[in-house]
Q: 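Okay, here's the structure, questions in a sec.
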Amino acid sequence: MRIATHNVNSIRTRVDRVVSWLERTNTDVLAMQEIKCKPDQFPYKQFEDAGYQITMHGLNQWNGVAFASRIPAEDVEIGFSGMPAFGKEGKEAVEEARAIGATFNGVRLWSLYVPNGREIGDPHFHYKLDWLDRLAGNVAEWVEHEPDQPLALMGDFNIAPLDTDVWNIDDFAGLTHVTPEERQAFEAFEQIGLQDVVRERIPDGYTYWDYQQLRFPRNEGMRIDFILGSEPFASRVTSAVIDRDERKGEAPSDHVPVVVDID
DNA sequence: ATGGTTGAGTGTCAA
């Protein structure tokens, strides 16, 4: 089974590229982030014509996650238990669509769009850390209660865990994505027993390049998209790819697909 | 030059 994650940055803008990529790469399950549409706006037909069913969660124009799969999605879960809504002090919290889980051929997958954080100290930064903490609490329970379940968290974590995951760490002083708090939140998943099944096969390489300032031509990118698998998942992984070529050509997303094959 | 790009949607906000 070939599974992948991709922050598509608007599925309506990218549908031709994404469906073409799915067919060309023979991918069975794609976890998407930043679909940027509500349920009635999703371009279902183009996926269905290619043999993929859609399982999505979208509430506004900013975020939203989905699966496209040639395998039926079972036990679909919208968000995770206790997933925080975003709320500034004195304002009502707003629910956000950033997580969807489903089981495919017995493999439990999550498509996750971790909050960006914006700036250190910003309410969105605290929201990001809280969101990750709540997620880790859930994952710890899942792994404990079903230790034999192949499980993977897939998505845009908006964290660069290593200094080498950005083009120049000195340029990131005082910025989000590289703070000790965010890196600790990322490492928490490893302490629970998940492993980065791509890093152990592909030590170097970015998954995201900003549209601005010629970041891609200069290869000034960031590694912020990950597939973290439980031991029963990780032991089934046979290969991994970061599809850097998908950042090229007409109207690409600013992120590229990250792919693994499992037995 | 203190900007530079893209997307949602038509105001700017978000990344």
Side-chain angles (χ1 to χ4, degrees), chain A residues 5-19 21 31-44 46 56-66 84-89 91-99 111-132 154-161 165-168 170-179 182 185-186 206-226 244-258:
Chain A
T5 180
H6 189 197
N7 179 324
V8 296
N9 187 18
S10 169
I11 193 55
R12 284 176 288 173
T13 296
R14 219 73 65 204
V15 57
D16 290 343
R17 272 191 81 125
V18 172
V19 171
W21 182 87
M32 293 180 276
Q33 301 87 36
E34 279 200 88
I35 59 174
K36 290 188 171 176
C37 68
K38 297 173 185 177
D40 62 340
Q41 299 174 306
F42 198 99
Y44 298 100
Q46 287 170 80
M56 67 91 70
H57 181 37
L59 295 171
N60 60 33
Q61 71 269 48
W62 304 124
N63 40 55
V65 287
F86 175 74
K88 281 185 189 167
E89 218 172 310
K91 281 198 158 185
E92 196 172 345
V94 180
E95 187 186 354
E96 298 198 357
R98 296 181 173 276
S111 180
L112 303 172
Y113 179 43
V114 175
N116 175 284
R118 300 194 186 181
E119 292 179 12
I120 296 171
D122 189 287
H124 290 87
F125 186 73
H126 298 296
Y127 170 60
K128 178 181 194 174
L129 295 174
D130 186 31
W131 198 94
L132 287 162
M154 316 169 69
D156 176 358
F157 283 73
N158 273 316
I159 300 171
D165 292 334
V166 298
W167 69 91
N168 181 1
D170 294 335
D171 289 350
F172 282 76
L175 300 181
T176 61
H177 292 63
V178 299
T179 65
E182 291 164 285
F186 187 86
Y206 303 133
T207 64
Y208 160 87
W209 297 259
D210 198 303
Y211 288 123
Q212 300 188 59
Q213 298 179 269
L214 300 173
R215 292 298 186 207
F216 185 63
R218 297 176 195 266
N219 196 27
E220 295 174 344
M222 302 171 72
R223 187 173 180 130
I224 55 178
D225 300 87
F226 299 98
R244 189 179 186 281
D245 285 346
E246 272 304 292
R247 187 63 177 77
K248 302 174 181 173
E250 194 77 21
S253 171
D254 41 4
H255 296 249
V256 296
V258 179

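To find a chain, count down the sequence lines: A is the first, B the second, and so on, and within it residues start at 1.
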Q: Is it true that the side chains of A:Thr5 and A:Gln33 contain a donor and an acceptor less than 3.5 Å apart?
A: yes

Q: Indicate the ring-plane relationship of A:Trp209 and A:Tyr206, choosing parallel, tilted or perpendicular according to the 30° and 60° boundaries.
A: perpendicular

Q: Heavy-atom nearest nucleotide on DNA chain B for A:Ser10 versus A:Gly117: which residue maps closer to 5'?
A: A:Ser10

Q: So where does chain A start and stop touching DNA chain B, 5' to 3', when the test is distance under 4.0 Å to a non-hydrogen atom?
A: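 The protein-touched segment is B:dG4 to B:dA15.
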
Q: Mind checking A:Tyr113 for me? I need base, sugar-phosphate or nothing, with any heavy atom below 4.0 Å counting as a touch.
A: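 Sugar-phosphate contact only.
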
Q: What integer number of Å spans the C1' atoms of B:dG4 and B:dA15?
A: 15 Å

Q: Please identify each residue that fulfils salt bridge (charged side-chain N to carboxylate O under 4.0 Å, His left out) with A:Asp165, with sequence neighbours left out.
A: A:Arg199

Q: Does A:Gln61 reach a base, just sugar-phosphate, or nothing at all? Heavy atoms under 4.0 Å.
A: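 Answer is sugar-phosphate: A:Gln61 comes under 4.0 Å of backbone atoms only.
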
Q: Would you kindly compare A:His255 and A:Arg14 by the position of their nearest DNA chain B nucleotide and give the one closer to the 5′ end?
A: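 So the residue in question is A:Arg14.
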
Q: Has A:Ser10 got a side-chain atom pairing as donor or acceptor with A:Lys36's backbone, closer than 3.5 angstrom?
A: no

Q: Can you name the side chain to side chain contact (heavy atoms under 4.5 Å, CB included) partners of A:Asn116, sequence neighbours left out?
A: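 Partners of A:Asn116 by the side chain to side chain contact (heavy atoms under 4.5 Å, CB included) criterion, ordered by chain and then number, come out as A:Arg118, A:Asn158, A:His177.
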
Q: Indicate, with a heavy-atom threshold strictly under 4.0 Å, whether A:Arg118 touches base, sugar-phosphate, or nothing.
A: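 Answer is sugar-phosphate: A:Arg118 comes under 4.0 Å of backbone atoms only.
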
Q: Quote, to the nearest angstrom, the P distance that separates B:dG9 from B:dG3.
A: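 It comes out at 27 Å once rounded to the nearest Å.
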
Q: Please work out whether the ring planes of A:Phe86 and A:His124 are parallel, tilted or perpendicular, with thresholds of 30° and 60°.
A: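 Aromatic pair A:Phe86/A:His124 classed parallel.
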
